[in-house]
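Written below as structure tokens is the structure these notes are about.
Here the structure is a predicted model, which means the values were calculated and not measured. Within every chain, numbering begins at 1; the chains are lettered A, B, ... in the order of the sequence lines, protein sequences first and strands thereafter.
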Protein chains: 2
Amino acid sequence: MMDLYPALVDEDRRLSGHDRKLAQIVLDDVDFAIRSTIGELAARAEVSPPTVTRFCRRIGCAGFSDFKLQLARMNYVGLRYLRPEVPTTSAAEVAEDIVAKAQNALFQLHQQLDPVVLDRAAQVLRAADFILAFGSGGNSSMISHELHNRLFRLGCRIHSSNDRSMDLMLSAAVTPGTVTVVSSMTGLDADLVRCLDLMRQQKVPTIALTQSGSPVALAADIPITIDLPEGRNIFRPTSTRYAFLAAVDILANLVAYADRQRATVFLRRIKEELVRSRDGDDRQLLGD
Amino acid sequence: MMDLYPALVDEDRRLSGHDRKLAQIVLDDVDFAIRSTIGELAARAEVSPPTVTRFCRRIGCAGFSDFKLQLARMNYVGLRYLRPEVPTTSAAEVAEDIVAKAQNALFQLHQQLDPVVLDRAAQVLRAADFILAFGSGGNSSMISHELHNRLFRLGCRIHSSNDRSMDLMLSAAVTPGTVTVVSSMTGLDADLVRCLDLMRQQKVPTIALTQSGSPVALAADIPITIDLPEGRNIFRPTSTRYAFLAAVDILANLVAYADRQRATVFLRRIKEELVRSRDGDDRQLLGD
DNA sequence: CAACACAAGAAAAATTATTACACGCAGGCT
DNA sequence: AGCCTGCGTGTAATAATTTTTCTTGTGTTG
């Protein structure tokens with residue numbers, strides 16, 4: 001169930017000769033590729049059918065039918081995004097592109113998540129007396145904010161910080177009973193690694209949302225790893241944020257379910273306060 | 001495209017006998033249907049292969065292969081969401097549910113967006129001397145933060161505020177050349193409406209990300225409306241956030257494309273600074 | 001009760017994909 | 001240099017899958 005897209009664009013030039021030609025033809029006209037038989041596709045690429053089968057195998061499919069199936073899947077999600085070189089500029093194109101990439105990021109997140117790890121993280125969070133959430137630099141700071149936003153509602157005592165200097169001081173001052181969650185999309189934040197080391201010295205459990213194998217992931221007790229392909233478009237800061245956000249979402253839900261009663265109490269209280277302070281419409285969201 | 005689903009659920013009972021049985025089997029296990037051959041599916045339904053072919057034709061496909069293709073497409077986003085809601089508690093279930101809902105929110109956003117409005121909003125933003133971004137209460141505050149995070153990188157002068165009292169003061173003190181973006185998921189925030197009214201008095205253009213027809217939408221010059229069904233699960237603050245986030249994403253991209261050169265300059269500078277301050281790995285994201 | 005419409009299966013046919021095998025070519029090794 | 005080896009390719013044979021054709025059975029209607 002691998003994603004075809006990276007294999008097709010073949011950034012690292014692993015495909016050769018006819019395979020590259022085939023990939024190009026498929027990318028140029030996905031609908032054709034989906035509808036055609038192996039013979040038709042082979043003819044368009046001026047190769048033999050077996051070459052097409054082999055091509056499908058090389059890019060990770062079981063065969064040509066499987067290839068078409070996967071292509072159909074991918075295509076539905078909005079395959080306009082298979083044209084990286086052609087800069088999309090119209091509003092409709094940009095919208096389609098971003099939505100497709102976001103959905104794709106969520107899809108890949110879902111593939112990568114390990115329920116066991118998530119459960120463990122949720123349990124640790126649930127048991128914490130106090131939670132620290134670290135994340136700096138736009139994207140990860142959004143994540144740590146969001147963790148705060150979600151967990152305080154469940155009755156968790158939590159502080160979120162986006163300030164690397166503060167993070168270090170907070171880490172130096174942690175006390176048992178604390179649990180720390182850090183977020184780093186690259187996993188290369190050296191300060192964050194230092195924080196995690198300090199935590200470990202104090203036996204404070206740490207959860208990291210980050211790339212697998214990265215320094216941050218290695219320094220954390222419970223790494224929740226999310227690996228997504230880098231975007232090449234510098235105007236677009238990757239759709240990784242959607243995946244991270246979903247990870248927080250899932251985590252917060254699991255924490256809520258771990259003690260449903262307690263969570264309900266707090267959520268009700270918050271909701272009542274919101275309804276009171278606004279015009280009494282109780283369809284209100286929990287915090288706009 | 002998506003009309004396979006209605007045909008399968010067969011609300012108006014147009015299918016009969018074996019066809020209904022086949023539809024049920026397919027809906028029960030879409031993955032099986034996608035993977036299996038016509039023979040296997042026929043066996044599971046205890047019918048003959050030709051019956052399956054005829055079934056596919058009746059519900060609007062060209063044949064069994066086409067049916068599988070369409071099914072694969074549908075299965076990616078649409079169908080999971082349409083399943084009856086069961087209380088989910090296991091980590092895997094929660095993850096699946098949240099991812100599906102988020103993808104669906106993005107899907108619906110995509111359908112609702114009006115490219116013309118987006119373009120107009122982007123142009124107004126691009127022309128602004130100064131941008132104010134308002135949004136309070138967890139979700140919308142994330143959105144206004146994100147607007148800041150995305151637009152300052154493009155060279156926009158922008159301030160984001162999550163403080164209703166400050167919003168009002170800022171609104172009272174706006175000067176021509178300013179453009180304001182507000183976010184409210186419910187659209188019921190009275191203070192925000194007041195802010196928008198103040199802006200209008202000063203002829204400051206206003207853009208609102210909110211529900212259509214809501215007071216906030218009505219008070220804004222350029223309402224970018226996003227209507228998503230309310231979730232009933234109080235533990236889950238709707239997946240609307242993903243949609244709003246994507247809207248910001250799209251908007252920021254359009255602003256960037258409106259003056260690509262300028263945007264590139266700023267993004268490069270930011271990137272260089274990031275690379276310098278870290279370990280020189282230039283695959284770094286733009287702001288973790 | 002016959003005539004008809006319809007649905008279903010069996011078997012044959014057609015289509016489509018895969019495998020087996022042989023050839024050719026480039027790069028490395030003796 | 002000459003030879004082996006590995007890789008990619010096409011042809012032809014094979015296998016698989018799907019569709020068509022033909023036949024039978026069932027239920028409805030005049």
From [atom1] of [X] over to [atom2] of [N], roughly how many Å is that when rounded to an integer?
X	N	atom1	atom2	value
Arg20(A)	dC7(D)	CZ	C1'	16 Å
Leu69(B)	dT18(D)	CG	P	12 Å
Phe55(B)	dA8(C)	CZ	P	12 Å
Leu22(A)	dG8(D)	CG	C1'	13 Å
Lys68(B)	dA17(C)	NZ	P	11 Å
Glu46(B)	dA10(C)	CD	P	13 Å
Asp19(A)	dG8(D)	CG	P	8 Å

Tell me which nucleotide among [options] gets nearest to the side chain of [X].
X	options	answer
Phe64(A)	dT18(D), dT9(D), dA17(C)	dA17(C)
Thr37(A)	dT16(C), dT9(D), dT18(D)	dT16(C)
Thr53(B)	dT9(D), dT19(C), dT19(D)	dT19(D)
Arg58(A)	dG8(D), dA17(C), dT20(D)	dG8(D)
Ile38(A)	dT19(D), dA17(C), dT9(D)	dA17(C)
Ser48(A)	dT18(C), dT18(D), dT11(D)	dT11(D)

_Just N and O in the side chain of Thr51(B): are any of them under 4.0 Å from OP1 or OP2 of dG9(C)?_
yes

Q) Does Glu40(B) come within less than 4.0 Å of Arg35(B), counting only side-chain N to carboxylate O? A) no

Side chain Thr210(A), main chain Ala217(A), donor-acceptor under 3.5 Å: no

* Could you check whether Val52(B) gets within reach of a base, just the sugar-phosphate, or nothing at all, counting any heavy atom under 4.0 Å? => nothing

Do you see a donor-acceptor pair shorter than 3.5 Å between the side chains of Gln24(B) and Asp28(B)? yes

Margin query: Is it the case that the base of dG9(C) and the side chain of Arg54(B) share a donor-acceptor contact (distance under 3.5 Å, atom types as modelled)?
Written below: yes

